[in-house]
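One structure below.
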Amino acid sequence: TDLAHIRNFSIVAHIDHGKSTLADRLIQSTGTVQDRDMKEQMLDAMDIERERGITIKANTVRIDYKAQNGETYVLNLIDTPGHVDFAYEVSRSMRAVEGSLLVVDSTQGVEAQTLANVYQAIDAGHELIPVLNKIDLPASECDRVAEQIEDVIGIDASGAIRVSAKTGVGIPETLEAIVAHLPAPTGDANAPLKAMLVDSWYDSYLGVVVLVRIMDGILKKGDRVRMMQNGSVHGVERIGVFRPKMEKVESLGPGEIGFITASIKQVRDTKVGDTITHDKAPCDTPLPGFKPSVPVVFCGLFPVDSSEFEDLREAIEKLALNDASFSYEMETSAALGFGFRCGFLGLLHLEVIRDRIEREYDIELITTAPSVIYHVFMKDGTMEPLHNPADMPDLTYVDHIEEPRIKATILVPDEYLGDVLKLCQDRRGIQLDLTYAGSRAMVVYDLPLNEVVFDFYDRLKSVTKGYASFDYQMEGYREDLLVKMSILVNDEPVDALSMMVHRDRADMRGRAMVEKLKELIPRHMFKIPIQAAIGGKVIARETLSAMRKDVTAKCYGGDATRKKKLLEKQKAGKKKMRQFGKVDIPQEAFISALKMD
Ligand code: GDP
Ligand code: MG
């Protein structure tokens, strides 16, 4: 295809504003997929994405569109994930296209991820087409939202296209606008091959599949290509495009987006953002690389049934094949036995992986407290990154500790602002900015990441009844008064429950933890002290009293069904418990104990 007839674009939106639905309509109305093959959210491949309604992997589709001027255009849409944890995937796919549809739900308005994503699009030099979606709903307020887009984002939204991705209203106008307003790509077919490695994933049938955007030159089947960053050379075995099913093509030229397979063993052997060129006639300079995504949240994953350790290893290795941003290494815990210390991009990423292990591999897991990476500066001048509070070195050798901070942007209706400020303040936040756009406030906070990883997002949603939106970026490390808090159950430290806390909040957290654990641990035949300690000093203590011999005794006589229920409950509880010394601790204790209310 000649360059003038190509348009490459992505869709940026806050979660639930209708990005996937709009993509479906664009695919359907152009006949890319026959109506009878159409299922909802074509681009959201994985089941878990469908269920949770989120898009995790960037997905691509090539659409042929016959415009009103009679010419046929190739439209390449790269779908991007909308959640904060996957911001890096957004930025990488943005670099492969020239424009974006900026989709805003006209019943809601601009939200935190609208902003985060639109700034990425602007950074990538995109032309933007504002789209107001969900105009079929009575609560739609297009004029107000268009004005808000102008106020908050600072782009002209007077010509915003009014769309219902549900009913199809405005879809023809959207397609025309893509052709009319987005720039065609540029590139030179005669220059040496320069292609961007946009994404890669493992396909059980094809092996590693690489998504590429050709900048210059022509890529053909059988070509020997070199990955410029790691120097590896591969023969191109298959080459094709997504419609959205894979379809073979002879070659890909400048401006085109497609896939190749090339006997690459692992996803890890491909570097997202790398430049692919011909081995024999390479281009001189690679494309500027992407910022690599690094795990920021760590936790231990242990099988509830220790005989499933090997199954867990296999599951984790398989998942990691397809997800280079997920890291793992073996871990042994005195309390939990063998497991893995895993690194994630954020809490959602953690939940997704944990869910998939439990669901797709049928392994029940104990998840330990999520932790961030602390920088522990030793008195001898060295720095040790600390991924696991259990590994905290002896305090006598420690000079100071630094923790990662984030810059969080929260948009919230006025009436909830007070609650949001209080929540941020409680989590050791420092307010950086507070502005208004219409009846919404936008606050920017500097927050310690460790105060956000447990349940910040859940709390934020609950104090604002779901009306707040949240986005963050990493801001670097800063020193603070951090200490390791250990939890002792029946005088034995439970390493999986130890955590790093701020000195000033340790007493409160310790108290909350032991009280929670007292509720979560069932009574035993003996008395169980539950303590929180810093170094050798106990800062909080509760005692779980001993159980009477007959568990059903407290049912006072008659009620047989209630007795039976109680016994059944006990039996079910048994399965999910782990023994610590002489004490059984239920699995949910490890997560629940850390939630702060
Ligand atoms: P995404 O998270 O941005 O991909 O949003 P989805 O496409 O998954 O849409 C979120 C929800 O809004 C789904 O329940 C859609 O059915 C619904 N939705 C999307 N577009 C429209 C629309 O134009 N009108 C109405 N009424 N609902 C829509
Ligand atoms: Mg979606």
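One-based numbering, in listed order, for ligands and for the atoms of each.
On a distance-only criterion, I135 and ligand 1 share no N/O pair closer than 3.5 Å.
For ligand 1, the atoms closer than 4.0 angstrom to any heavy atom of S20 are 1 (P), 4 (O), 7 (O). For ligand 1, the atoms closer than 4.0 angstrom to any heavy atom of L137 are 26 (N).
With a heavy-atom cut-off of 4.0 Å, K166 touches ligand 1 through backbone and side chain alike. The part of N133 lying near ligand 1 is the side chain, judged by heavy-atom distances below 4.0 Å. By the criterion of a heavy-atom distance under 4.0 Å, both the backbone and the side chain of A165 are placed next to ligand 1.
Side-chain N or O atoms of E451 include none that pairs as donor or acceptor with a backbone N or O of P448 at under 3.5 Å. Using a distance-only test at 3.5 Å, with no hydrogens or angles considered, no donor-acceptor pair links the side chain of N8 to the main chain of A96.
In this structure E150 satisfies the side-chain contact (heavy atoms from CB on, under 4.5 Å) test together with D156, A157, S158, sequence neighbours excluded.
In this structure, F242 and W201 have tilted ring planes: the angle between them lies in the 30° to 60° band. Between Y328 and F340, the ring-plane angle classifies as perpendicular under the 30° and 60° cut-offs.
The salt bridge (Lys or Arg N to Asp or Glu O under 4.0 Å) pairs that include a residue from residues 114-123 number zero, where partners must be two or more places apart or lie in different chains.
Relative to atom 24 (N) of ligand 1, the option among D136, L22, I15 with the closest non-hydrogen atom is D136.
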